[in-house]
Amino acid sequence: MDTVSVENEVIMADDGIVKPVAGGRATIDRDNRETVGDVTAKNPRMRCREVSVFYGEKQAIHDVSLDVGSNEVIALIGPSGCGKSTFLRCLNRMNDTIDGCRVIGDISLDGDSIFDTKMDVVQLRAQVGMVFQKPNPFPKSIFENVAYGPRIHGLTRDKTELEAVVHTSLDRAGLLDEVKDRLGEPGTGLSGGQQQRLCIARAIAVNPEVILMDEPCSALDPIATARIEELIDELREQYAIAIVTHSMQQAARVSQRTAYFHLGDLIEIGETNQVFTNPHHQLTEDYITGRFG
Amino acid sequence: MQTSVLILVLVALTVVGFYLGRSRSVAVAGGTAGSAQLHSLPSYYGYLTAIWCGVPALIVLGFWMAFQDNIITHFVTADLPAETAADPGQLGLALNDVKNLVRGNITSRATDPAMVAAADHYRQLQTISRLALTVVILALAIGGIALSWKRIGPALRARNQVEAVVMVFLILCSTIAIFTTLGIVLSVLFESIRFFRIVPVTEFIFGLEWSPQMAIRADQVGSTGAFGAVPLFAGTLLISGIAMLVAVPIGLMSALYLSEYASRGFRSAAKPVLEILAGVPTVVYGFFAALVVAPQVRGLGEAIGLSVSSESALAAGLVMGIMIIPFVSSLSDDVINAVPQAMRDGSYAMGATRSETIGRVIFPAALPGIVGGVLLAVSRAIGETMIVVMAAGLSSNLTANPLEAVTTVTVQIVTLLVGDQEFDSPKTLAAFALGLVLFVVTLTLNVIALHVVRKYREQYE
Amino acid sequence: MSNGTITGAGNPGRTIDTVRAGLDRRYRAERRFRIYGLSAIVLGLLFVSILFITIIGNGYPAFQQTYVKLDIDFDPESLGIGDQRSNAALSGANYQALVRNALKVRFPDVTGRSDRRALNSLISSGASYQLRDAVLDDPTIIGTRRSVWVPADDDVDQLVKGHMDRAAAEGDRRLKDNQLAWLDQLQADGAIEKRFNTTFFTAGDSREPELAGIRGALMGSVFTLIVTLALSFPIGVATAVYLEEFAPRNRWTDLIEVNINNLAAVPSIVFGLLGLAVFINFFGLPRSAPLVGGLVLTLMTLPTIIIASRAALKSVPPSIRDAALGVGASRVQAVTHHILPLAMPGMLTGAIIGMAQALGESAPLLMIGMVAFIVDVPGGFTDPSTVLPVQIYLWADSPERGFVERTSAAIMVLLGFLIVMNALAVLLRKRFERRW
């Protein structure tokens, strides 16, 4: 993970991993490629090693390794189609629902492989929650939306306990004040930003350990986005968070570590500050400086 | 001239008109080279001439054929003895005999001089009418060609005129749907109103007894006729209810399984096979119900000590349910597939199993659409005819026991109208009153269902 | 304590434990649900197979018919024609007597009136028609003696096909002991044979199962469908073209659309009422005629064809129309030259499906009198006739075992046509399917 090659500045011996091409762009040699930067986290919650994803014959992710650590936000950035969402969906095995999708490699949660037979997908998803690009509240009341997880998993014993869970979750998602008088109204009636916070409340109601967020603000306006970002920052105190984002500013604002994906490869990973201010890889630099993406 | 020959001649004239018009336009423009001066392409002049030749003649022909019989009958009625003409029942019989005489069939009244005279008159009028029709049609066709021939010139906007005619044709065709609905409403409504003059509406809708055999003559003993339709409504609901009990769970569960569990291969194999059930004619189901299911149900019932009628509501309902399965499943399938993938993802990401996702998210989300589909299915079950005609009973029976024979609205319409009928007896008119009820109920169900389904689709678009 | 669950800060293990504890129960529920779904499908598939197995199992014997070999003596005296050889005399001759004589010769020891009658009843009444046709065909056979295979009565037919229980008490059997004995003799002589049942495809309806055929009903269906297709296809396409290409969006076109959608779901029997009240009672068109049947079915299939045609027109991309208009074509020209040809396969598919629907329909035709017992094969659009599904309905009502068999066979023919039509529609769709 330390073999690194950049067109101009050579950190380690160049063995043809990255080839300079006309115009200063770099391409990747798939046969012999390693990620720039340190993939490990201080307090790893999830560890991914050599993860590849195939859709039928087509390989969408190539041998990606990275850690998701507790009490930190890791941002996955990269141009469209770089596989960052696909990778995120591996972490709670959401790719299982897609026909013809195959994941190989090793992903573990707290040391247990998530592909292990004794690790159940239901249990995994209860521990690794997910928030989607487009807010997707169920066509039920606000209360029922948040109560969904505790209900299916049987986490609460009675109604008062359930109500307490719903209230706390809404509170933590910063939504309680806005909706506490209309918990019976349909969740689909809320504004976009409120819907997304409802989805976050829904995810944290089952008390997960990791929260995956797939471009959670891409459908929202700037004010709603700011609220969600604030919320992510607060949630970091308790959960390990991985966020896919299209916006570099957002990655810079909310994350502690950043991973840059390009065409299914993890190109560079490191402290957010370092990646944004001093990228080591030419592709990362090109992306961050806006040459493409 | 025979009508069919006349039509053939007319078609031939139209074709001739096309070529005449086209060559005329080329000639007017001074040969093929000059046809650029024409407003439209030469063939449009041909079409225009053909339209002028064929369309007016066809319209006249249509009206003539539609009203010729009525007009001739009207004239002939004047010949009949006054006392016959005064009584509508007698008149109908007499006219029928006259028509039979005209066709050369021997009737009991062949010797009655008045009848023979009337028949002769009828035949004579028919000949005149046919002759006149031939003359009028040929004159119109040839006149049309001549008129168009004279009008053809470089300035004639033939294409625009042809297109205007095409548009009129398109608009006329598109109004047929409205006229069909109107025709249905008027035909059942008029007869029903006549029926309700004889039998009060309240008796029809709330009466508990149905025995439509009426005494034809005043001195006939026996049935006086009772037209309380409640037993029919109850029977219809009973059989439709059984059908729904079969079709809704099976149809819905197979749709859910196919869309949420089945692999693509299984789905593409099982779906068409299930849809075969939708393509089987209803008469086949009727035969199946009467031949296989009814005896089986009966045998099964007797084996456990129940007395089952050989035309039990259960057998008819079961088979009708089988018929409706693919209907329910394909409607539900559409509706379930319209539930956005994001809903499923949201639920799976929470750690829900498939059945939890289906039961708690997909089904509630799809419920309005499913309800709409079920309403359509109910409407179809209520209007289904052949299965019940072949497998359900004829005599009315007000019961909720599915093992007994019941009769339905459609069965009664068929029994009242098949076979010899007099058009004014309440028995015949009752069929139309039942038809009115059937139409109103199914229409209401359809309108509600289509509305619900449309609203549902809009929600996810 | 609930706070612990919610915040998770102090006690992350608890959620997992609870989830893990519930897993078994939840997976059992999952399996149960899955089995319900699968059994629903299996049940559906089972119904399809039972339906087909019953129909085919009952129907295939009808394609064979039992024939009996008789030595017929074409004796002019028995025929009662003496020296006359005119066609009229030959047509009116007593061919029944030939059959009776042949049986008398074959079974000389059968005397007594009732025994004779029982013996004669083994041969179908159709035998005399067959002999008449043979004689009319070739009058020189009069005076000769030759072996002729004549159709057996339907009871004999059922016995030979094994549908009659010989062990049953004599009173419960349609054939008595003495008849069985005669048949066994004939069988032993090789004078009983099953042959392909051509009558079934060449004859009209009959009261005798062994003489009944589907030709009349089939021709009735053909005439009816010709009327239906000739009217519904142009009208349906015209309506679809108008609504899709020309109609302004206003109340009027909305009304048309609502009407079309509703007509698609109106019970078919209501169309029968319309046909009875309007075409027969108002316009005075003949009852039982394919013309009226075709008109009624036209109204019924129009919505199907319109909806399919509109879908076909919608699938033609607007760029094609724009291109045509761009080079100066009028709107009508753009439609007739470019859009219609591209949409035609889809429209034809819709028309075929509509025709398949019309072919299987029977309820509205009962209303307009196409349910009469008609022996003659119809020759035109106004001849009284019936159609295949109605023929099935009529035969299904007959108690004879021979008719059960023929009903199923007629259903097989009907389903065969429907399968061919639907396969054609699928093929057409596959062949011309375009992705834009």
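Chain A is the first sequence line, chain B the second, and so forth, proteins listed ahead of strands; every chain is numbered from 1.
The contact between A:P137 and chain B is made entirely by backbone atoms, counting heavy-atom distances below 4.5 Å. For chain B, no part of A:V131 is nearby; none of its heavy atoms comes within less than 4.5 Å. Of the atoms belonging to A:Y148, it is side-chain heavy atoms, and not backbone ones, that fall under 4.5 Å from chain B.
Here B:S347 is the residue among B:S263, B:P340, B:S347, B:A352 with the most heavy-atom pairs under 4.5 Å with chain A. The greatest number of non-hydrogen atom pairs below 4.5 Å with chain A, out of B:P364, B:A365, B:A342, is found for B:A342.
Heavy-atom contacts from other residues, nucleotides or ligands closer than 6.0 Å to CZ of B:R380 number 12 or fewer. Heavy-atom neighbours of B:F179 CZ from other residues, nucleotides or ligands within 6.0 Å: at or below the threshold of 12. Other residues, nucleotides and ligands contribute only 12 or fewer heavy atoms inside 6.0 Å of the CD atom of B:Q296.
Of the residues A:V122, A:I152, A:V121, the one that meets the side chain to side chain contact (heavy atoms under 4.5 Å, CB included) test with B:T353 is A:V122.
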Practice item. Just do the side chain to side chain contact (heavy atoms under 4.5 Å, CB included) check on B:R360 and A:R151 with the steps written out, would you? Key: CA-CA 10 Å; B:R360 289 166 185 260; A:R151 269 193 211 277; 3.7 Å; yes
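The CE atom of B:M350 lies 11.0 Å from the CG atom of A:N92; values are rounded to the nearest 0.5 Å.
When every heavy atom of A:R202 is checked against every heavy atom of B:G346, the shortest pair comes out as NH2-CA, 3.8 Å. A:F138 approaches B:M343 most closely through the heavy-atom pair CE2-O, 3.4 Å.
The pair A:K134-B:D345 does not count as a salt bridge, with every side-chain nitrogen at least 4.0 angstrom from each carboxylate oxygen.
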